[in-house]
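All residue numbers refer to positions in the sequence shown, counting from 1. Quantities reported herein were computed from a predicted structural model and do not represent experimental measurements.
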Amino acid sequence: MMLSCRTLLNPLGKCRQAKGRQQKRRHRNSSSHAGDQELVSRMKSLELENQTLHKVVVEMRATLQKLESRVAVLEKSPTPAAIPAAKVAPVKQEKVINGDDDDIDLFGSDEEDEEAERIKQERLEAYAAKKAKKPALIAKSSILLDVKPWDDETDMAKLEECVRSVQMDGLLWGASKLVPVGYGIKKLQISCVVEDDKVGTDILEEEITKFEDYIQSVDVAAFNKI
C-alpha cells in the first residue's frame, strides 16, 4: 500500500513540535528556579541588614541610658558654691587649768597675734636689707666709632691721643686700628664700652669733635647691648 509524502512527514513534524514544547518548558523551569534563588539571596541579605540595625539600636539605647544616669548624678551633686559653706573655721580649744573658769581663753590671746606680727615684720626687714645689698644690674653697651681726619697729612697718632683723652664716668676705651679710606687717607676705628645711664652716643661725639684741628667727623659704626 502506497503512503503519500504528506502522510509520512506528519509524524516527523509532530515529533519536532513535541521536542520544542519540552525545551520551552525546561527553559521556563530553569528561569523560575533562578528567580527563586535570587529571591532567597535577597531575603537573606535583608535579614542580615535587619540584624545589624537591631544591634546598632541596642547599643544606642545602652549609651543613652548611661548618659541619663550621669546627668541624674550631676543634678544630685552639690553645687560648687555650696561647698565652701560646708567648711567651718577651726575653733580654738579652750584651756582649763585646775578647773578655774578664769583661765578659760574663749577668744584667743592678743599676745599670740602680736608675736606673729613681730616675726612677720622682722622677716620683711631682713628681706629688704638683703635686696638692698644685692648689686643692681648695670646696663652697658659696646660702641665702635669711626673717627675721620681732615686729610692725609693729619697726625693719626695725635688724633687717637685726643680721642682717648675724653674721659667720663662710665666710659672705657678699647682697641683701635687705622682703616684706609682712599687717596692715602685713613680713619681711626676705635671701640669703647659705656654705661647706658651715664654716657650716650650724642655726648660722646660732641666731646670728640671738639678737637677740630685733627677730627673732621665721628660716626657710630656699630652699637651692641651687653
Side-chain angles (χ1 to χ4, degrees), residues 63 67 70-71 74 77-90 92 107-226:
T63 303
L67 290 174
R70 290 182 181 179
V71 171
L74 291 174
S77 62
T79 58
I83 295 175
K87 296 182 179 179
V88 181
K92 294 184 179 180
F107 303 102
S109 175
D110 293 338
E111 294 180 358
E112 293 180 359
D113 295 339
E114 293 176 359
E115 181 67 17
E117 185 64 25
R118 184 184 64 80
I119 294 174
K120 180 181 178 181
Q121 189 64 29
E122 288 179 354
R123 289 179 178 176
L124 289 174
E125 292 176 357
Y127 174 77
K130 183 178 179 181
K131 189 174 182 181
K133 292 180 181 179
K134 188 176 180 180
L137 183 63
I138 300 175
K140 296 182 179 181
S141 300
S142 175
I143 304 175
L144 184 65
L145 298 174
D146 284 344
V147 184
K148 298 177 182 178
W150 288 104
D151 50 36
D152 58 341
E153 296 181 357
T154 302
D155 187 350
M156 297 305 294
K158 185 64 178 178
L159 183 146
E160 182 175 355
E161 182 182 344
C162 293
V163 172
R164 291 185 181 274
S165 67
V166 176
Q167 297 294 325
M168 301 180 190
D169 184 21
L171 170 63
L172 179 63
W173 292 109
S176 64
K177 64 179 180 179
L178 296 177
V179 180
V181 177
Y183 303 102
I185 302 175
K186 295 181 181 180
K187 65 180 179 180
L188 175 67
Q189 197 169 71
I190 185 169
S191 64
C192 64
V193 176
V194 299
E195 295 182 15
D196 296 344
D197 294 338
K198 297 180 179 179
V199 181
T201 55
D202 293 339
I203 190 173
L204 192 60
E205 293 177 15
E206 182 180 350
E207 291 297 321
I208 293 174
T209 52
K210 286 182 179 180
F211 302 96
E212 55 186 13
D213 293 339
Y214 299 95
I215 299 170
Q216 177 188 2
S217 63
V218 179
D219 296 323
V220 178
F223 185 95
N224 296 303
K225 293 288 186 180
I226 299 177

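Leu172 is linked by a side-chain contact (heavy atoms from CB on, under 4.5 Å) to nothing, counting only residues two or more places apart in sequence or in another chain.
Rounded to the nearest 0.5 Å, atoms CG (Leu144) and CD1 (Ile190) are 9.5 Å apart. The CZ atom of Arg164 sits 10.5 Å away from atom CG of Leu171, with the distance rounded to the nearest 0.5 Å. We find the CD-CD1 distance between Glu160 and Ile215 to be 10.5 Å, quoted to the nearest 0.5 Å. Note: Cys192 SG to Leu204 CG = 5.5 Å, rounded to the nearest 0.5 Å.
Looking at Lys210 and Glu206, no side-chain N of the basic residue comes within less than 4.0 Å of a carboxylate O on the acidic one, giving no salt bridge. Salt bridge Lys120/Glu117: absent, no basic N to carboxylate O contact under 4.0 Å.
Taking all atoms of both residues into account, the shortest heavy-atom contact from Leu159 to Val147 is CD2-CG1, 3.7 Å. The nearest pair of heavy atoms linking Val199 to Asp169 is CG2-O, 3.5 Å. Of all heavy-atom pairs between Met156 and Lys187, the closest is CE-C, 4.1 Å. In this structure, Leu188 and Ser176 approach most closely via the heavy-atom pair CD1-CB, 3.9 Å. Of all non-hydrogen atoms in Ile203 and Gly200, the two that sit nearest each other are CG2-O, 3.2 Å. Among all heavy-atom pairs drawn from Ile185 and Asp152, the shortest one is CG1-N, 3.7 Å.
Around atom CD of Glu212, no more than 12 heavy atoms belonging to other residues, nucleotides or ligands sit under 6.0 Å away.
Distance alone, capped at 3.5 Å, places no donor-acceptor pair between the Trp173 side chain and the Gln167 backbone. Checked by atom type and distance alone, the side chain of Arg118 never pairs as donor or acceptor with a backbone atom of Asp113 at under 3.5 Å.
Within the 4.5 Å cutoff, no side-chain heavy atoms of Val163 are placed close to those of Leu145.
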Which side-chain N or O atoms in residues 219-226 pair as donor and acceptor under 3.5 Å with protein atoms at least two apart or in another chain?
residue: Lys225; atom: NZ; partner: Asp196; partner atom: OD2; Å: 2.7

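Screening residues 177-186 for side-chain hydrogen bond (donor to acceptor under 3.5 Å, both in side chains), with sequence neighbours left out, gives no hits.
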